[in-house]
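Each residue takes its place number in the sequence, starting with 1.
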Amino acid sequence: MVSPDFSKQTLDILARRARFQCSNPDCGVHTTGPNSDPEKATTIGEAAHIFGAKPGSMRFDAAMSDVTRSSITNGIWLCRNCHGHIDRDEANFPAILLFAWRKEHEERMLLELGTRGERIRHEVEKASLHFLAGYPQIIQRIVADRPVGWEWRLAAELLRHLTTPQIKRFNNLVAGHYYRAYPRVKSEDFTGWLSERTHVMSKLTGPLVHLYQRLTESFGKPGEPGDAEEINDVCKLISEMIGEMINHEEVLRFTLIPDEGGELRTLLIDAIGGNLKTLVELPEALDGAVALIGTDHGGTVEEPRIVKWKATFELPEDFVSRFEEAVQRFGQAVGT
């Protein structure tokens, strides 16, 4: 199990990136200095979690994984006093503010530390990430920090962010917590409507095979960085496909159909939607892969450990035969 606490390496990097200064723009105090013992230094700096590490802590997000909580992307370097302030008053110190503190502080440190050429390079890199505008700060920080395994973490957080509203909509749909009006289908048009729904079902899963292949390729070859914009594009497409699956389930539930078609509709409901749970497990699988980094996972350079995740789409048991029998009964009922 991954700990939500920062590793020693993460603590060290956060401190160095902040130049051992508090990231609170109203503070900026130096957090390390001499000690009366000539063999020691006094440190008053601390690595603070932006989103809380454990339940009950400030800004804790239950939907976040421990892999994300313990990552450098979720950290900010502060003096002991400022750390105490932010962890006692969540209303005045929301996560979005703390991300802004860190971003502003690191950019100011870069201006003071870097050459003109390095500053120009930084501006060019920022401009190239325009597609991340509007996303939660945790996603933007993943690309800015690019820790080991950032490609997998980016995909996991993007998929969570993009698909969570979709899955909430599906759960509300299944629970019957909302309604949308769809046109009535007349008896003479039902066969055409049914054909359209089965055609949609046949087309919904195919693109996902290619999208998962694209996502894998977007992570880059071993030893090479991934393509952040491509990861974003693929995750958006996966989310859109999930949205289309839920739209299909809405049509099945809310369209007014002739009574004779009720059995067929019942068979179609959730035939596709029932597989959504498998799709939303991908972020957890990616987190699991990130959690292996730095551990004795059993892989070597010569024989690397290969992490596999498989999404299986399955129709309900005996679906085809039951559907064909229901079609026959429908034909008998309407005299065709």
Side-chain angles (χ1 to χ4, degrees), residues 63 159-216 234-285 308-336:
L159 287 171
R160 282 195 186 94
H161 173 69
L162 293 168
T163 62
T164 294
Q166 306 276 29
I167 298 306
K168 284 183 178 179
R169 178 163 70 102
F170 180 67
N171 290 337
N172 285 329
L173 173 66
V174 173
H177 290 167
Y178 73 93
Y179 171 79
R180 290 195 176 128
Y182 280 83
R184 177 185 294 275
V185 175
K186 298 178 181 179
S187 295
E188 59 268 28
D189 298 326
F190 179 75
T191 301
W193 178 86
L194 185 67
S195 177
E196 178 190 14
R197 287 299 98 203
T198 55
H199 175 75
V200 169
M201 287 175 59
S202 69
K203 296 297 182 181
L204 281 174
T205 58
L208 287 171
V209 176
H210 304 293
L211 288 174
Y212 287 129
Q213 181 62 38
R214 274 184 63 185
L215 186 61
T216 301
V234 176
C235 289
K236 286 170 64 177
L237 288 170
I238 291 174
S239 174
E240 289 171 7
M241 289 304 303
I242 290 175
E244 288 301 321
M245 292 179 185
I246 299 170
N247 291 341
H248 167 72
E249 294 292 339
E250 278 190 357
V251 173
L252 290 175
R253 285 168 167 80
F254 296 145
T255 299
L256 299 174
I257 64 171
D259 292 341
E260 298 84 356
E263 181 185 7
L264 284 163
R265 169 160 63 183
T266 300
L267 285 172
L268 292 181
I269 287 176
D270 281 346
I272 288 292
N275 292 283
L276 288 177
K277 182 180 178 181
T278 300
L279 293 182
V280 299
E281 291 173 350
L282 179 54
E284 284 68 32
K308 295 183 179 180
W309 177 80
K310 185 177 181 180
T312 303
F313 271 79
E314 297 178 336
L315 290 173
E317 186 177 358
D318 300 328
F319 174 82
V320 175
S321 60
R322 289 190 293 134
F323 185 78
E324 291 175 347
E325 291 169 0
V327 169
Q328 292 178 356
R329 285 191 288 272
F330 172 78
Q332 294 169 357
V334 297
T336 60

Worksheet item: Can you find a heavy atom in the side chain of Tyr212 that is under 4.5 Å from one in the side chain of Ile238?
Response: yes
Discussion item. Could you walk me through whether Leu194 and Leu268 satisfy the side-chain contact (heavy atoms from CB on, under 4.5 Å) test, starting with their C-alpha distance in whole Å, then the side-chain angles of each, then the deciding distance to 0.1 Å, before giving a yes or no?
Written reply: CA-CA 9 Å; Leu194 185 67; Leu268 292 181; 3.6 Å; yes
Worksheet item: NE2/His177 to NZ/Lys168 distance, rounded to the nearest 0.5 angstrom?
Response: 14.5 Å
Practice prompt. Using the side-chain contact (heavy atoms from CB on, under 4.5 Å) rule, take Arg214 and His210 through it: C-alpha gap first, then chi angles, then the decisive distance, then the call.
Written response: CA-CA 6 Å; Arg214 274 184 63 185; His210 304 293; 5.8 Å; no
Worksheet item: Quick one: does Leu208's side chain get under 4.5 Å of Met245's, heavy atoms only?
Response: yes
Discussion item. Please check this pair: side chain of Ser239 against backbone of Leu162, looking for a donor-acceptor N/O pair closer than 3.5 Å.
Written reply: yes
Worksheet item: From Lys203 NZ over to Thr198 OG1, what is the distance, rounded to the nearest 0.5 angstrom?
Response: 11.5 Å
Discussion item. Nearest 0.5 angstrom please: Phe319 CZ to Glu324 CD, how far?
Written reply: 10.0 Å
Worksheet item: Of Arg169, Glu249, Arg253, which is the lone residue that meets side chain to side chain contact (heavy atoms under 4.5 Å, CB included) with Val174?
Response: Arg253
Discussion item. Any heavy-atom pair between the side chains of Ile167 and Asn171 that's under 4.5 Å?
Written reply: yes
Practice prompt. Would you mind telling me which of Leu252, Ile246, Thr205 makes a side chain to side chain contact (heavy atoms under 4.5 Å, CB included) with Ile272?
Written response: Thr205
Worksheet item: Do Phe170 and Thr163 have side-chain heavy atoms sitting under 4.5 Å apart?
Response: no
Item to complete: State the CG-CG distance between Leu215 and Leu282, to the nearest 0.5 angstrom.
Response: 6.5 Å
Fill in: Main-chain N/O of Glu260 paired to Arg329 side chain as donor or acceptor, under 3.5 Å
no
Item to complete: Measure the CG-CZ distance between Leu264 and Arg322 for me, rounded to the nearest 0.5 Å.
Response: 11.5 Å
Discussion item. Looking at Glu284 and Arg160, is there a salt bridge between them, counting it only when a charged N and a carboxylate O are closer than 4.0 Å?
Written reply: yes
Fill in: From Leu204 atom CG to Asn247 atom CG, the distance as rounded to the nearest 0.5 Å
9.5 Å
Worksheet item: Quick check: does any side chain N or O of Ser321 sit under 3.5 Å from a backbone N or O of Asp318, one acting as donor and the other as acceptor?
Response: yes
Practice prompt. Sort and list the pairs that fulfil ring pair (Phe, Tyr, Trp, His ring centres under 6.0 Å) and have at least one residue in residues 241-283, not counting sequence neighbours.
Written response: Tyr178-Phe254, Tyr179-Phe254
Item to complete: Could you please spell out the steps behind the side-chain contact (heavy atoms from CB on, under 4.5 Å) verdict for Val251 and Val200?
Response: CA-CA 11 Å; Val251 173; Val200 169; over 6 Å; no
Which side-chain N or O atoms in residues 180-193 pair as donor and acceptor under 3.5 Å with protein atoms at least two apart or in another chain?
unit_1 : atom_1 : unit_2 : atom_2 : d
Arg180 : NH1    : Glu250 : OE1    : 3.1
Arg180 : NH1    : Glu250 : OE2    : 2.4
Tyr182 : OH     : Glu250 : OE1    : 3.2

Worksheet entry | Full working for side-chain contact (heavy atoms from CB on, under 4.5 Å) between Gln332 and Val327 | CA-CA 9 Å; Gln332 294 169 357; Val327 169; over 6 Å; no
